[in-house]
J.: 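One structure is given below, represented as structure tokens, and several questions about it will come after.
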Amino acid sequence: VDAVASDDVWAAGDSPAGPLFMHWDGSEWTIVPSPASTGTIQKLAAIASDDVWAVDSSWQFPDGSKYYHWDGVSWSVVPAPVIEGAENVSRHGGLSAAGPCDVWAVGSVQFNGQLEPLIERLQPEAISTPAPDAAPRTLTAITAVAPNPFNPRVEIRFTLERDAPATVAVHDVRGRLIRTLSRGSLGAGEHTVRWDGIDEHGSAMPSGTYLVSLRAAAERDTRRIVLVR
């Protein structure tokens with residue numbers, strides 16, 4: 001289990017059909033369809049509402065453990081790097097996120113019957129991207145963040161193509177909720193919210209990089225912002 005926020009929690013394991021992913025939205029758990037695969041999810045690393053990673057242990061031997069990625073819409077399998085000459089690879093000893101698209105895993109790798117420690121890093125090139133002709137998202141978009149870097153406040157402008165419940169929130173680079181800027185039903189069109197560098201408890205946040213995310217229906221958009229004190 002791992003959480004982005006109190007209303008964005010993931011739990012995982014397995015089922016007779018394959019990997020099991022469950023999501024808590026603050027009021028109830030739902031089962032989220034998993035990719036056609038085999039294996040038991042062992043570790044989760046939640047970075048943001050549209051950036052969650054998982055790793056499994058396979059049901060077969062030799063072990064073919066692999067990674068999974070949640071992009072805010074669906075889970076997909078991310079093939080693990082090939083380790084030449086390895087007889088068996090286990091990646092589920094631990095999983096941690098240093099930031100967006102920067103995930104570390106530990107486990108073991110077997111060569112000639114001998115186990116050795118494994119430390120593996122996944123970076124942006126590991127994430128699959130839509131084909132150039134894929135249909136663009138049309139419901140939500142953050143259109144501007146300014147000034148960026150900012151002090152004392154930043155203005156976030158976004159658009160909705162149709163009426164929808166929408167949430168705008170600020171997270172740190174590990175995905176922890178800093179402050180919810182807007183939540184509720186909004187009409188179609190352009191909207192503006194502002195962040196003054198203060199967290200949910202009224203404390204001033206330190207200089208650094210943060211993530212502002214827009215979530216509406218099943219769509220997400222995220223931008224980096226930099227606070228300079």
Side-chain angles (χ1 to χ4, degrees), residues 1-4 8-24 30-110 116-137 171-176 211 213 215 218-224:
V1 65
D2 202 4
V4 175
D8 194 354
V9 182
W10 288 93
D14 71 349
S15 72
L20 174 67
F21 293 101
M22 297 181 66
H23 183 256
W24 172 259
T30 56
I31 294 177
V32 179
S34 65
S37 181
T38 60
T40 301
I41 304 301
Q42 297 283 355
K43 297 290 187 296
L44 287 168
I47 305 170
S49 58
D50 58 356
D51 195 4
V52 182
W53 288 86
V55 67
D56 73 3
S57 62
S58 74
W59 293 346
Q60 67 271 5
F61 188 87
D63 194 343
S65 58
K66 50 199 169 295
Y67 297 99
Y68 300 75
H69 182 246
W70 171 258
D71 62 4
V73 178
S74 62
W75 283 98
S76 60
V77 174
V78 178
V82 175
I83 301 177
E84 295 294 337
E87 299 167 347
N88 188 53
V89 182
S90 295
R91 295 176 167 89
H92 55 274
L95 191 69
S96 183
C101 310
D102 191 356
V103 181
W104 292 80
V106 296
S108 63
V109 57
Q110 182 175 324
E116 298 181 9
L118 171 71
I119 301 176
E120 193 166 71
R121 185 183 190 184
L122 286 177
Q123 292 181 287
E125 59 268 22
I127 303 177
S128 59
T129 56
D133 59 351
R137 298 187 306 178
H171 297 80
D172 66 14
V173 294
R174 290 187 60 83
R176 293 174 293 199
L211 303 174
S213 65
R215 178 172 63 181
E219 296 190 5
R220 310 285 190 277
D221 198 7
T222 303
R223 294 287 186 275
R224 287 174 179 262

J.: Of all heavy-atom pairs between L118 and V89, which one has the smallest distance, and what is that distance?
T.: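 In this case the closest contact between L118 and V89 is CD2-CG1, 3.7 Å.
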J.: Under 4.5 Å between any side-chain heavy atoms of R224 and L211, yes or no?
T.: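 The answer is yes, as the side chains (C-beta and beyond) meet within the 4.5 Å cut-off.
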J.: So, for L95 and V55, which heavy atoms are closest and what is the spacing to 0.1 Å?
T.: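 What the structure gives for the nearest pair is CD2-N, 4.0 Å.
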J.: Identify the two heavy atoms, one from V52 and one from A46, that lie closest to each other, and give their separation to 0.1 Å.
T.: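 V52 and A46 have their closest heavy atoms at CG1-CA, 4.0 Å.
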J.: Kindly compute the distance separating OG1 (T40) from CG (D14), expressed to the nearest 0.5 Å.
T.: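 Answer rounded to 0.5 Å: 3.5 Å.
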J.: Let me confirm one number: the OG-CD1 distance from S96 to I47, rounded to the nearest 0.5 Å.
T.: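 Taking OG in S96 and CD1 in I47, the distance rounds to 9.0 Å.
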J.: Can you list the residues that meet the side-chain hydrogen bond (donor to acceptor under 3.5 Å, both in side chains) rule with D8, with sequence neighbours excluded?
T.: H23
J.: Please identify each residue that fulfils side-chain hydrogen bond (donor to acceptor under 3.5 Å, both in side chains) with Q42, with sequence neighbours left out.
T.: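 If we apply the side-chain hydrogen bond (donor to acceptor under 3.5 Å, both in side chains) test to Q42, skipping adjacent residues, the hits are S57.
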J.: Of the non-hydrogen atoms in S74 and D71, which two are nearest, and what is the gap between them?
T.: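 Looking at all heavy atoms of both residues, the closest pair is N-OD1, 2.9 Å.
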J.: Just to verify, what does F21 make a ring-ring contact (aromatic ring centres under 6.0 Å, His included) with, not counting sequence neighbours?
T.: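 F21 satisfies ring-ring contact (aromatic ring centres under 6.0 Å, His included) with Y68, W75 only.
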J.: Which is it for T222 and D50 under the side-chain hydrogen bond (donor to acceptor under 3.5 Å, both in side chains) test, yes or no, and what are the steps along the way?
T.: CA-CA 8 Å; T222 303; D50 58 356; 2.9 Å; yes
J.: Starting at CD1 of I119, measure out to OG of S108 and round the result to the nearest 0.5 Å.
T.: 12.0 Å
J.: State, with a plain yes or no, whether a side-chain heavy atom of V78 is found less than 4.5 Å away from one of K66.
T.: no
J.: On a heavy-atom basis, which atom in L20 and which in I41 lie closest, and how many Å separate them?
T.: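 In this case the closest contact between L20 and I41 is O-CG1, 4.3 Å.
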J.: Any side-chain heavy atom of H92 sitting closer than 4.5 Å to one from S90?
T.: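 The answer is yes, as the side chains (C-beta and beyond) meet within the 4.5 Å cut-off.
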J.: List the atom of D2, the atom of A45, and the distance in Å for their closest heavy-atom pair.
T.: OD2-CA, 3.5 Å
